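Notes follow the structure.
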Amino acid sequence: MENVRITWVQDGEQRESAVTYSPSAAEDYKGYKEAEDGVSDVRIVPAHP
């Protein structure tokens with residue numbers, strides 16, 4: 001199964017999730033992250049081992 005991470009920009013800094021998600025779960029978490037104040041450029045990216 002493919003695992004992915006979520007990346008985003010917050011307070012001018014690039015950030016990345018500490019955990020990996022399945023692609024379908026990542027879509028949900030992406031939406032939650034986009035709803036946070038001060039967060040932009042939310043992306044789902046492949047997780048590298």
Side-chain angles (χ1 to χ4, degrees):
M1 170 169 41
E2 176 189 17
N3 287 319
V4 297
R5 292 190 185 274
I6 298 172
T7 65
W8 66 94
V9 175
Q10 186 172 19
D11 299 326
E13 293 186 33
Q14 181 71 37
R15 300 181 186 241
E16 181 175 299
S17 60
V19 299
T20 60
Y21 303 96
S22 69
S24 60
E27 287 295 334
D28 290 337
Y29 284 102
K30 180 180 184 237
Y32 301 145
K33 187 55 72 179
E34 288 172 326
E36 290 183 22
D37 289 339
V39 172
S40 64
D41 198 25
V42 181
R43 299 178 185 201
I44 297 173
V45 298
H48 299 288

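Since the structure is predicted, the reported quantities are computational estimates derived from the model, not experimental observations.
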| Looking at residues at least two apart in the chain, or sitting in another chain, which of them share a side-chain contact (heavy atoms from CB on, under 4.5 Å) with Val39? | Trp8, Gln10, Lys33, Glu36, Val42
| note | By ring pair (Phe, Tyr, Trp, His ring centres under 6.0 Å), Tyr29 pairs with (sequence neighbours left out) Tyr21, Tyr32
| field | Closest approach of Ala47 to Thr20 (non-hydrogen atoms, all atoms of both residues) | value | CB-CG2, 3.6 Å
| Main-chain N/O of Ser17 paired with Arg5 side-chain donor or acceptor, under 3.5 Å | yes
| Under the side-chain contact (heavy atoms from CB on, under 4.5 Å) test, which residues partner Glu13, sequence neighbours left out? | Arg15
| said: To the closest 0.5 Å, what do you measure between NZ (Lys30) and CD1 (Ile6)? | reply: 9.0 Å
| said: How close do Val4 and Ala26 get, counting heavy atoms only, and between which atoms? | reply: CG2-CB, 3.4 Å
